[in-house]
Protein chains: 2
Amino acid sequence: MQKKNSATIYDVAHRVGVSLATVSRVVNGNSNVRDSTKRKVLDAIEELGYHPNAVARGLASKKTTTIGVVMPDITDVYYSELARGIDDVANMYHYDVLLTNTDEDPVRETMAVNNLASKQVDGIIFMGNELDHEVVNTISGVNAPVVLAGSVDSEKKLPSVNIDYVEAIKEAMEAVIKNGHDRVAIVTGPVEHAINGMHRLVGYKKALEEAQIEFDDSLLFSTHQDYAAGLQVAEKILATGATAALTYDDEVAVGIMNYLRDHGKKIPEDFEIITSNDTKFTIITRPQVTSIGQPKYDIGAVAMRMLTKLMNNETIELTQVKLPHTLERRGTTLN
Amino acid sequence: MQKKNSATIYDVAHRVGVSLATVSRVVNGNSNVRDSTKRKVLDAIEELGYHPNAVARGLASKKTTTIGVVMPDITDVYYSELARGIDDVANMYHYDVLLTNTDEDPVRETMAVNNLASKQVDGIIFMGNELDHEVVNTISGVNAPVVLAGSVDSEKKLPSVNIDYVEAIKEAMEAVIKNGHDRVAIVTGPVEHAINGMHRLVGYKKALEEAQIEFDDSLLFSTHQDYAAGLQVAEKILATGATAALTYDDEVAVGIMNYLRDHGKKIPEDFEIITSNDTKFTIITRPQVTSIGQPKYDIGAVAMRMLTKLMNNETIELTQVKLPHTLERRGTTLN
DNA sequence: AATGGCATTGTAAGCGTTTGCAATTTACTG
DNA sequence: CAGTAAATTGCAAACGCTTACAATGCCATT
């Protein structure tokens with residue numbers, strides 16, 4: 001049971017009969033303090049139940065040992081796994097995490113970043129499908145390092161860690177094409193978003209090109225990222241005569257799958273599906289969903305590690321990190 | 001594009017030719033400042049790109065407009081939905097959220113609470129299945145209000161918001177019993193945890209008693225909270241001759257379901273399942289899983305609202321809030 | 001024109017630490 | 001034992017803001 005009115009560094013100093021500076025030194029473990037006095041101070045701290053006031057510390061030292069995390073939605077399994085990676089290494093380096101949900105709204109993203117700045121965070125990790133120009137601007141204006149996790153900025157100005165989306169989608173496409181499909185639907189988010197237009201779609205088209213299949217834009221679908229959206233888009237996909245689909249969201253994939261099965265399609269025999277995020281959803285369904293494998297936790301962890309270096313003013317050789325991806329073959333694809 | 005070296009309140013005051021106090025007053029929107037000077041100050045703030053330093057503010061005012069959230073795992077859909085409710089109303093009241101994952105480790109929970117205290121948070125929301133005595137102690141020792149969300153402390157000392165677990169489980173049991181089952185397995189976490197031993201199990205037994213069915217402790221299972229655990233426990237459940245199961249975790253429920261179906265059981269005809277958390281998992285599977293319906297988002301939201309009152313020193317009539325639950329009948333139960 | 005009272009603004013003392021620099025001790029050297 | 005370097009400590013100024021309290025200005029009253 002600790003005391004309600006916590007003691008201050010002054011109380012400790014006074015009790016031991018040393019100066020504030022000395023107490024501060026032992027608390028911060030650094031510098032040279034004689035062992036005997038260090039012990040006395042430590043004892044006093046124990047007895048008084050002294051806990052340093054982090055706010056005062058932050059003001060004096062200009063470091064808060066707090067980082068900000070900006071994410072679309074804590075409820076989204078994909079992002080929450082990134083966040084877990086972030087949090088774990090943040091703790092490892094003794095940083096606390098200030099969390100903000102933005103629902104990918106640029107306005108809220110901007111506000112979040114500014115707010116974090118005013119809270120004097122030592123660094124920021126930013127997640128989100130698209131980096132609005134405005135958002136990039138305010139990010140670069142902030143007086144703290146920022147790294148993107150699982151997000152790309154088209155100008156590649158900001159440090160980031162991702163997988164190679166182009167390559168990943170291309171490989172998924174190749175796998176499907178190899179299985180004999182030449183009409184494969186691709187469902188993503190808004191094409192204006194770089195990650196869709198400049199990565200997913202590009203990978204898709206590359207695979208098409210190599211297989212000498214004409215691109216048909218009626219096979220391109222844009223949806224929300226949820227189960228219901230999958231259910232809805234499935235019918236339209238069927239109407240195009242597509243026999244396979246690549247999806248950017250696991251819930252959407254499952255929605256499509258369930259719809260198709262309910263309408264008499266056999267999966268994977270009649271229709272193949274490959275999704276992108278390899279979340280739990282792909283495991284618990286029957287059949288399980290084939291997916292691009294992303295080291296989600298690691299993306300977060302590496303991003304955070306990178307941030308610690310930046311905050312420490314270490315120079316970083318590579319600022320655009322691409323982590324390896326895989327193709328997890330499961331029940332929605334043949335062989 | 002804002003300036004890197006942000007201006008201080010002093011710069012603003014100096015530029016306008018007023019005192020710090022006046023600037024502070026307009027920034028805090030309060031008090032009485034002549035309209036003309038207020039305008040001048042606002043202009044200067046705009047021109048200098050002044051953003052108040054929240055750390056300095058916190059030190060001076062002893063309020064950080066930050067709350068701490070302690071949760072088992074951000075990756076767990078159940079908790080992340082609570083967290084979303086918390087975050088939304090926190091924002092509504094202009095609080096930021098400091099997030100900590102504990103994996104339900106009492107040691108880490110204690111550290112987390114102490115750490116948040118030293119960061120001078122204005123309040124804390126605590127989530128976790130079990131409240132270790134030690135943890136309750138350090139919580140009560142903290143100089144900031146704390147409310148539990150989706151967690152019970154056996155001594156009912158701490159403010160909390162939950163559903164009525166006893167009642168909810170009892171109702172689920174009754175539904176299953178009514179369908180003719182008299183051997184229904186119950187799978188929960190460690191019975192030593194209050195929420196299991198004192199709530200879930202009690203509700204289960206009550207229903208049993210009313211139906212005049214003898215309690216058989218070989219039907220009681222304790223597992224981890226994941227899909228694999230469900231797969232594993234399923235076999236044992238089958239061995240007991242049980243024809244239905246109540247689970248405390250949705251992933252476990254799905255694991256059991258998939259295992260049983262793979263072993264030739266028809267669901268719900270041969271075996272009924274009711275789970276507890278009504279997460280997305282219960283929707284995307286075929287069949288969909290019948291579940292107790294919990295207002296997860298609301299539990300978080302109400303807890304946070306309660307915390308704002310506490311932080312504001314308002315008196316609260318009811319500190320043990322129970323939100324209404326439902327029974328979402330889906331495909332793993334008959335009728 | 002003096003008086004009282006409210007509205008507005010300024011003064012300055014904190015808030016609890018950190019930290020550069022100076023002062024004091026202690027340890028060595030010859 | 002003087003003298004100097006090294007190890008310990010203390011001083012006091014920040015850090016950027018809030019907030020009692022005091023001071024000033026202004027206006028209506030009488």
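Order of the sequence lines sets the chain letters (A, B, ...), proteins ahead of strands, with each chain counted from 1. In this text, all values refer to a predicted model and were calculated from it rather than measured experimentally.
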Engineer: Could you check whether D88(A) pairs with R84(A) (Lys NZ or Arg NE/NH1/NH2 to Asp/Glu carboxylate O, under 4.0 Å)?
Structural biologist: yes
Engineer: Could you tell me whether the side chain of K119(B) reaches within less than 4.5 Å of the side chain of T65(A), counting heavy atoms only?
Structural biologist: yes
Engineer: List every contact pair, protein side and nucleotides 15-22 of chain D side both N or O, where the distance is under 3.5 Å.
Structural biologist:
from, atom 1, to, atom 2, distance (Å)
dC15(D), O3', K62(A), NZ, 3.3
dC15(D), O2, A60(A), N, 3.3
dG16(D), OP1, K62(A), NZ, 3.0
dG16(D), N2, A56(B), O, 3.4
dC17(D), OP1, Y50(B), OH, 2.6
dC17(D), OP1, N53(B), N, 3.1
dC17(D), OP2, I9(B), N, 2.3
dT18(D), OP1, N28(B), OD1, 3.4
dT18(D), OP1, N28(B), ND2, 3.0
dT18(D), OP1, R57(B), NH1, 3.3
dT18(D), OP2, S24(B), OG, 2.5

Engineer: Within the 4.5 Å heavy-atom criterion, are D87(B) and L99(A) side-chain neighbours or not?
Structural biologist: no
Engineer: Distance check needed: dT19(C) C1' versus K63(A) NZ, whole Å only.
Structural biologist: 14 Å
Engineer: Is the shortest side-chain heavy-atom distance between I9(B) and P52(B) below 4.5 Å?
Structural biologist: no
Engineer: Each nucleotide N or O in nucleotides 23-28 of chain C that has a protein N or O under 3.5 Å away: list the pair and distance.
Structural biologist:
none

Engineer: Taking atom types as modelled, is there a side-chain donor on Y78(A) or Q294(A) under 3.5 Å from an acceptor on the other?
Structural biologist: yes
Engineer: Partners of T308(B) by side chain to side chain contact (heavy atoms under 4.5 Å, CB included), sequence neighbours excluded?
Structural biologist: Y93(B), Y95(B), M304(B), R305(B), M311(B)
Engineer: I'd like to know if the side chain of T102(B) and the backbone of M71(B) have a donor-acceptor N/O pair within less than 3.5 Å.
Structural biologist: yes
Engineer: Is any side-chain heavy atom of V16(B) closer than 4.5 Å to one of T37(B)?
Structural biologist: no
